[in-house]
Amino acid sequence: QPLRLSDGSPAVFPADPRRWGLADDAAENVSARRRDSAVFDLPKDRRVAIFAPGLHYWADGSWQETDAEFQAVSGEPGAHMLRGNPRLTVRGSSIEAVDIATGYGIHWLLPGALTVRGRMARYQHDGLAWTYTATLSGVKLETVIAAPRGQRSYRFRYELVGDRAELTL
């Protein structure tokens, strides 16, 4: 959830212009934010627009900046969150993806603890390194099978989040 001001409205922070190779004196015009764009005001009445998929997500009536990578969750040792839509949260041996508008999502229960780095969360199981990677539309799971292993089945335990009775693909 976005940080809140004392009146309850969401706090909207300008983006760091250095993230885009701009000088420190560039200032984001947060009222011009859109999902896939940011506008920075420069000295001498100049502007520059940055276009990239999923720069922002809509929450509580304003565009919030999407996290570039997982961030530690304050007060929850070992928990990490990537704010965006969907919101991704890693806690111990589980990862959760939830649509912030509906509250619906999926919570995977994993057989090993996750380690987090950047936009990825990894765990080891059955001799394989499994990697969850945050994408613009959710999360992607992958592994590399470097040698033949014969016929195998891999199961992934999950729970639905929100008021959902079944998973539909």
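Values below: all heavy atoms of this structure, side chains included; hydrogens, waters and symmetry mates excluded.
- Of all heavy-atom pairs between G84 and I100, the closest is O-CG2, 3.9 Å.
- Looking at every heavy atom in both residues, K140 comes nearest to T135 through CB-CG2, 4.0 Å.
- Contact of the D36 side chain with the L55 side chain is not registered, since no non-hydrogen atoms from C-beta on lie closer than 4.5 Å.
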Residues Q64, S62; criterion side-chain hydrogen bond (donor to acceptor under 3.5 Å, both in side chains); working and verdict = CA-CA 6 Å; Q64 303 291 322; S62 65; 2.7 Å; yes
Show your reasoning for whether side-chain contact (heavy atoms from CB on, under 4.5 Å) applies to R18 and D24.
-> CA-CA 7 Å; R18 294 171 297 181; D24 289 344; 2.8 Å; yes
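- For the pair E65 and R33, the minimum side-chain heavy-atom distance is below 4.5 Å.
- Cluster annotation: L109 and F156 are assigned to distinct hydrophobic clusters (Ile/Leu/Val/Met/Phe/Trp/Tyr, side-chain heavy-atom contacts under 4.5 Å, transitive).
- Between G112 and S93, the closest heavy-atom pair is O-CB, 3.3 Å.
- Under the 4.5 Å side-chain heavy-atom criterion for grouping Ile, Leu, Val, Met, Phe, Trp and Tyr, I106 is connected to V90 within one hydrophobic cluster.
- Under a 4.0 Å N-O distance rule, the pair D126/R152 qualifies as a salt bridge.
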Criterion side-chain hydrogen bond (donor to acceptor under 3.5 Å, both in side chains) on R122 and T115, from CA distance to verdict = CA-CA 5 Å; R122 293 187 170 108; T115 57; over 6 Å; no
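- Considering CZ of R87 and OH of Y57, their distance stands at 8.5 Å, rounded to 0.5 Å.
- Here the side chains of L141 and W130 are in contact, with some heavy-atom distance below 4.5 Å.
- The shortest non-hydrogen separation linking A26 to L22 is CB-CB, 4.1 Å.
- Residues Y123 and W108 keep their aromatic ring centres 6.0 Å or farther apart.
- Ion pairing between a basic and an acidic side chain is recognised when a charged N comes within 4.0 Å of a carboxylate O; R19 and E28 show no such pairing.
- W58 has its side chain out of reach of R35: every pair of non-hydrogen atoms, C-beta onward, lies at least 4.5 Å apart.
- Looking only at side-chain heavy atoms (C-beta outward), L128 and I145 come within less than 4.5 Å of each other.
- Each of R91, R157, E96 was checked for a side chain to side chain donor-acceptor pair (under 3.5 Å) with H107, and the lone residue meeting it is E96.
- Counting only heavy atoms from C-beta outward, the side chains of H56 and R34 never approach each other to under 4.5 Å.
- No side-chain heavy atom of V98 sits less than 4.5 Å from a side-chain heavy atom of Y104.
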Please list, one pair per line, the donor and acceptor atoms closer than 3.5 Å that link side chains of residues 41-54 to other protein atoms, with sequence neighbours excluded.
unit_1, atom_1, unit_2, atom_2, d
D41, OD1, R47, NE, 2.6
R46, NE, P43, O, 3.3

Before giving the answer on side-chain contact (heavy atoms from CB on, under 4.5 Å), spell out for Q71 and L82 the whole-Å C-alpha distance, their side-chain angles and the decisive distance to 0.1 Å.
-> CA-CA 6 Å; Q71 306 293 320; L82 194 142; over 6 Å; no
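- Atom CD in Q124 sits 8.0 Å away from atom OG1 in T143 (nearest 0.5 Å).
- Side-chain heavy atoms closer than 4.5 Å link hydrophobic residues (I, L, V, M, F, W, Y) into clusters, and following such links, even through other members, never connects V139 to M120.
- Pairing each heavy atom of L110 with each of L114, the nearest pair is CD1-CD1, 3.5 Å.
- Counting heavy-atom neighbours within 6.0 Å of D25 CG, excluding the residue itself, gives a total above 12.
- The side-chain hydrogen bond (donor to acceptor under 3.5 Å, both in side chains) check on R119 picks up nothing, with sequence neighbours excluded.
- Listed here is the closest heavy atom pair of I95 and A121: CD1-CB, 4.4 Å.
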